[in-house]
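For this chain, numbers begin at 1 and follow the sequence in order.
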Amino acid sequence: MEKQSPVQRIWELGKEEHGRLITAVILAVIGVAAGMLPYFAAAKMIVLLLGGEHTMSGYMLWLAVALVGYLIRTILYNCALSISHKATFQVLKTIRQLILEKLPKLPLGTVMDMSSGKLKQTIVDQVDSMETTLAHLFPEMTANITAPVLTILYLFLLDWRLALLSLVVFPVAFFFMMMVMGGYEKDYEGAVQATNEMSGTMIEYINGIEVIKAFNQGKASYAKLTDKVRANAQYYYDWMRRSQLGMSMAYAFFPAQMLTILPIGWIFYLHGTLSVETFITVIILSLGMAAPIVAAFNFVDTLAQVGTTVAEVDEILKAEEQAHATAPVEFSNHDMELKNVSFGYHADQEILHGVSLHIPQNSMTALVGPSGSGKSTIAKLLAGFWDVKSGVITMGGHDLKDIPLSQLYEQVAFVSQDNYLFDDTVRENIRMGRRTATDAEVEAAAHAAGCDSFIHGLEKGFDTMVGGGGAHLSGGERQRIAIARAMLKHAPVIVLDEATAYIDPENEAVIQRAVAKLVENKTVIVIAHRLSTITDADNIVVVKDGQITAQGKQEELLAHCALYRDMWQAHIGTKEGETV
């Protein structure tokens, strides 16, 4: 398929604004045509002046023509820009909405591979950077191309020789301009990359400031940030320095029509082959050609920038989505099953190898094994965060791909060891589990999760801001809010991925009771390093190197699985060595 130009792609994304954009172009073109009238009027008045006309009445008509042309151009130009700006802001809004609608449809791994700095740079800064270009591109570039074209056509009607002479300087100017513009797209891509790296490092530095200070790494970490900032500045400096000569020469030659028109036109006039009226008209009109051409050429610069931005936007918009059906399904049960599933986050690295596992409804299945064995991958696949390409995962007898993503996510509550809290109140963070929940339901879920003891101690209780990522709360407090959020969701399937990782001895009983209430009468998949918390599981699945090596109840595994027995002994030894 033929690659779309940036303008074509934006035109496609802004299809609902085509009417306004076309109107803006038409108004701008008419305005530019009217803007040529003052030049004609000036030429006529100079001819009258040279012809000895001294009465004001002889000039009034042409003064009126110039004024009308100026007013029409000004009014239509401003109307065109007003319309195009409104259309542009709507197009940018549409692009941002499309990106934000797209992100939840992408596999979690695809989103995780995109740094938060790059996503912020694309969605906020890069999309915003297109505003000036797009608002002026369609009306102004069209008009700025139309104006010199009309002027040149009229010059050919007046005198083809001078018309050709007026064009001589343009190839020279274009040559110098192409010295700069030939590699512009590549240069701008490098600039975007340098800016993205700086933004990513800055966000990493800010997010990790606690660790940096705790381990006295301020100097080293700040040095990394300053290196990225300096590299960004150096890139722009080197780029501008390379471009300076070409741009200066190009802008010097664009308005230099008089270098050819004046001397040679004078020769034509002396030989009687050129009238003074035509000569003056050509001079006046030629003086007005350079400005719109330079303005139009400036869009070549910004179009390259837009091209890079559109490519980054399309990297998100055209990324492969999770392919799921759109028609809701009926669930008679919530049994889950993996059938010969192989999976890797990247095509060249397989993590799971032919995994098969049956998880009955209202049962508790625990996944255990060494770090990196694939436990979390299995849990996230069951939650629908990725689609498998080899093998099948079912829920209630339905292939997960046959369940719409929105319906699938309604069936599963996922509680991990790193639950994210938004920079909002405690109440609204819990309400994320079910946006339609009442305050009473939110508070009931918080009570069931054992959050009361610390929420009522906060300055504003449920209306206390938790800070970005829940920074104002402890790890255990964040965990309890996450459990309350999952309780509020009332999902039939619960996935606990190291959900008790932040338990401290003081709050262990509280959180264990909260988890017990959360999983009551639910299909539960739990990953836990604390093997003592899953001894009552209906099925303990031992995962090693992306494969299931054994499964069964606690007693069976202790008797027949050496790996589980070693893990249990190590866990018991650790517990016996713990001090209170």
So does Phe175 have more than 12 non-hydrogen atoms from other groups sitting under 6.0 Å from CZ?
no
I'd like to know if Arg427 pairs up with Glu443 as an ion pair, taking the criterion as any Lys NZ or Arg NE/NH1/NH2 lying under 4.0 Å from an Asp or Glu carboxylate oxygen.
yes
Do Tyr345 and Phe343 have their ring centres less than 6.0 Å from each other?
yes
State whether Tyr70 and Arg73 meet the cation-pi test: NZ (Lys) or CZ (Arg) under 6.0 Å from the six-membered ring centroid, and within 45° of the perpendicular axis.
no
When rounded to the nearest 0.5 Å, the distance separating NZ of Lys489 from CD of Gln411 is 8.5 Å
Tell me whether Asp187 is salt-bridged to Arg242, with the criterion being a basic N under 4.0 Å from an acidic carboxylate O.
yes
In terms of heavy-atom contacts, does CD of Gln97 have more than 12 from other residues, nucleotides or ligands at under 6.0 Å?
yes
Exam field: side chain Asn232 to backbone Met198, donor-acceptor pair closer than 3.5 Å:
no
Only one of Val310, Leu98, Leu92 forms a side-chain contact (heavy atoms from CB on, under 4.5 Å) with Leu13, so which one is it?
Leu98
Would you call Arg431 and Glu441 a salt bridge, taking side-chain N to carboxylate O under 4.0 Å as the test?
no
Measure up the Phe385 and Phe414 rings against each other and bin them: parallel (under 30°), tilted (30 to 60°), perpendicular (over 60°).
tilted
Quick one: pull up CD1 in Ile430 and SG in Cys451 and give me the separation to the nearest 0.5 Å.
5.5 Å
Determine whether more than 12 heavy atoms belonging to other residues, nucleotides or ligands lie under 6.0 Å from atom OH of Tyr39.
no
What's the separation between atom NZ in Lys102 and atom NZ in Lys318, rounded to the nearest 0.5 Å?
10.5 Å
Could you check whether atom CD of Glu16 has more than 12 heavy atoms from other residues, nucleotides or ligands sitting under 6.0 Å from it?
no
Hey, what's the ring geometry for His398 with Phe331, parallel, tilted or perpendicular (30° and 60° as the breaks)?
perpendicular
Counting only heavy atoms from other residues, nucleotides and ligands, does the tally under 6.0 Å from CD of Glu12 exceed 12?
yes
Rounded distance [0.5 Å steps], OG1 in Thr377 versus CD1 in Ile351
4.5 Å
Here the gap from Trp239 atom CH2 to Gln244 atom CD, rounded to the nearest 0.5 Å, amounts to 14.5 Å
Among side-chain atoms of Thr122 and Glu312, is any donor-acceptor pair under 3.5 angstrom?
yes
Would you say Ile494 and Thr523 make side-chain contact, with heavy atoms under 4.5 Å?
no
State the CD1-NZ distance between Ile316 and Lys105, to the nearest 0.5 angstrom.
14.0 Å
